[in-house]
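Notes to accompany the following structure.
Below, all heavy atoms of this structure are taken into account, side chains as well, without hydrogens, waters or symmetry copies. In the text below, chain A, chain B and the rest are named by the order of the sequence lines, each starting its count at 1.
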There are 2 protein chains.
Amino acid sequence: MKINIAFIGFGTVGRGLGDLLLEKREELARDYGVEYKVVAVSDIKAGSILDERGIDLEEALKLADAGTSLETMPAQKKGLSALDTIKSSGADAFVEVTWTNLTDGEPGYSHIKAALSLGRHVVTTNKGPMALHYRELLRLAQDNGAKLKFKGTVLSGTPAFNLFDGPLAGCSVRSIRGIVNGTTNLILSEMEKGRGYEEVLKEAQRAGYAEADPTMDVEGWDATAKATILANYFYGTDIKPSQVKRKGISSITLDQVIKAKNRGERIKLIARADRTEGGAEVSVSPVALPMADPLANIMGVTNALTFATDCLGDITIVGPGAGRRATGYSLLTDLLSIARG
Amino acid sequence: MKINIAFIGFGTVGRGLGDLLLEKREELARDYGVEYKVVAVSDIKAGSILDERGIDLEEALKLADAGTSLETMPAQKKGLSALDTIKSSGADAFVEVTWTNLTDGEPGYSHIKAALSLGRHVVTTNKGPMALHYRELLRLAQDNGAKLKFKGTVLSGTPAFNLFDGPLAGCSVRSIRGIVNGTTNLILSEMEKGRGYEEVLKEAQRAGYAEADPTMDVEGWDATAKATILANYFYGTDIKPSQVKRKGISSITLDQVIKAKNRGERIKLIARADRTEGGAEVSVSPVALPMADPLANIMGVTNALTFATDCLGDITIVGPGAGRRATGYSLLTDLLSIARG
């Protein structure tokens, strides 16, 4: 099958997908019968180009990585806004990878709505629209015969949602617990070595793991968005991030971390989504786990989820939760799943 | 889609599938469009019945669990051998769950060949034929337009092979390391509490985790079969279990386990399959792992595999590696994958 792709957003994650599309071009055609063409890229910083005959992806990646505007490339149209790109690119699938906004989900929310309304597929790693507006967007997709895939919003390319498509088909989920934020897990891991919260946070900021404003991570907002997406997907609920019991790690002291360690426990920021009668209970909070818990041993920026299932009991998956390549790969699996029907 | 199923073997694992088929009948029809009928069961102990109009699965499970012959049930034909059942049942898919034999793979090998030769699908948890004759059986399946699925030979229902169908599509595996034998992992876990190998082994035998002749487990044969199947599947090789470097745990002393623990390490029986230029290197041996290794923290009968991949780095999956329900479930996913095309 042939698929025309347009990028809405072309930052780290979008370019991660770009790398893999180039690297895997032959393999995708040979092993999956999937041929692709990139027909547009629209990014607020990198510039906007559209060419239905196809864009040179390799050149676009080079320019964007070098900080040079994409609009220096030849293209039929240049400078179109994201929404105009969606309306006029003729793409079969849009890769929505603009920034996450947990207040109203914009601008991703409008981008996804526009694409789905036109019956076009969307793959996204944008947690804002998916945490805030999942039910509405899902309905819009169904009404317009389009697919909406968002694998990378949780655990990046590490299998989570799609575990239950084939490998765990017929298996139902009763409870999900996990470490879904690498930054806070890195901070807690480093604190166990005897270093204070502030010191470790500053180092994580210098290393680029934590943002200048670390609120999203350390106050548990990022984990909350992910727990919400998991609950709404697996339990059919319509929970909003604001309804989630949320506690971050900013009040965790070195003393607490060391005392837990001496008790044979480890403090982890645990996102939790339990199925309840007719709904779900979702929470994010630091929990002292016994060392025998598989999640207690997840260190550094690694992520993990434990699914309690009816067929198999507990299944735990461990892998990267972020990164250009890993998150780019989540979009590739979503595109493949669409292209393969 | 409608699928007619026949059981060749109806011991613990076959009945585990039977339980789930009954429990999930409506769900399979509603969510996956799959309707099934059991047309034959042939087991050397439980008896053999064949009825193309369909067999009462609930009754068959009750009888087999109670140790009563299935031949006390009404059926068109009774007492057929496994091979005659395969030839005359008209089933679309055979569930081959006879005992594992790592010497020549029989009788499963002949059963699978007979079914595939007739163009019928096979799902199996039988490690013997898959470890010894994978390439030949795969070719036979392809030549006859049949499918051969063997998910449960490694990690029972916990996703392993099928992770790479959808969730990790396009991702290639460079190396696999894992804990694939629950009995030896249970023994090593218990030894860490200060108990000797012989004492723990005897307890595991009393509890039914270890066989009266524990050679298959403790000398690493079971793990070797699984590592062979993984290598041949993922790397396209044709390695035989006899070619695998194999060392079991029977020579591991309490002293070694405790010394490793004091060094911050844990001894685990590690099955390993690495891709090499034009082949694979496969081994099974006890390894002292640092506690930071995700596999170091897998305790008791739990199993785990770490896949080193090109797209995501290391992905680890943790879950049950045996059990009536978990292994029965592996067959259900295989059947679903066949029925869904």
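- In terms of heavy-atom pairs under 4.5 Å with chain B, the best-connected choice from A/Pro159, A/Gly16, A/Ser156 is A/Pro159.
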message: Apply side-chain contact (heavy atoms from CB on, under 4.5 Å) to residues A/Leu163 and B/Leu163 and explain how you reach the verdict.
response: CA-CA 7 Å; A/Leu163 270 182; B/Leu163 270 181; 3.4 Å; yes
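- Residue with the most contacts toward chain A among B/Ala326, B/Gly300, B/Ala304, B/Ser337: B/Ala326 (heavy-atom pairs, distance under 4.5 Å).
- When B/Leu336, B/Thr306, B/Asn162 are compared by the number of non-hydrogen pairs under 4.5 Å with chain A, B/Asn162 comes out ahead.
- Contacts from residues 307-319 of chain B to chain A, taken as heavy-atom pairs separated by less than 4.5 Å, involve B/Asp310, B/Cys311, B/Leu312, B/Asp314, B/Ile315, B/Thr316, B/Ile317, B/Val318, B/Gly319 in sequence order.
- B/Tyr329 places a side-chain N or O within donor-acceptor distance of the main-chain N or O of A/Leu168, the cut-off being under 3.5 Å.
- Heavy-atom distances place the backbone of B/Asp165, and not its side chain, under 4.5 Å from chain A.
- Ranked by non-hydrogen atom pairs under 4.5 Å with chain B, the options A/Gly157, A/Ser172, A/Ala296, A/Gly166 are led by A/Gly157.
- Counting non-hydrogen atoms of other residues, nucleotides and ligands closer than 6.0 Å to CD of A/Glu58 gives a total of 12 or fewer.
- Within residues 177-188 of chain A, no residue has any heavy atom less than 4.5 Å from a heavy atom of chain B.
- The minimum heavy-atom distance between A/Ala169 and B/Arg340, with the atom names listed, is CB-NH1, 3.8 Å.
- Of the two parts of B/Thr333, only the side chain, counted from C-beta on, holds a non-hydrogen atom closer than 4.5 Å to a non-hydrogen atom of chain A.
- Within a 6.0 Å sphere centred on OH of B/Tyr209, heavy atoms belonging to other residues, nucleotides or ligands number 12 at most.
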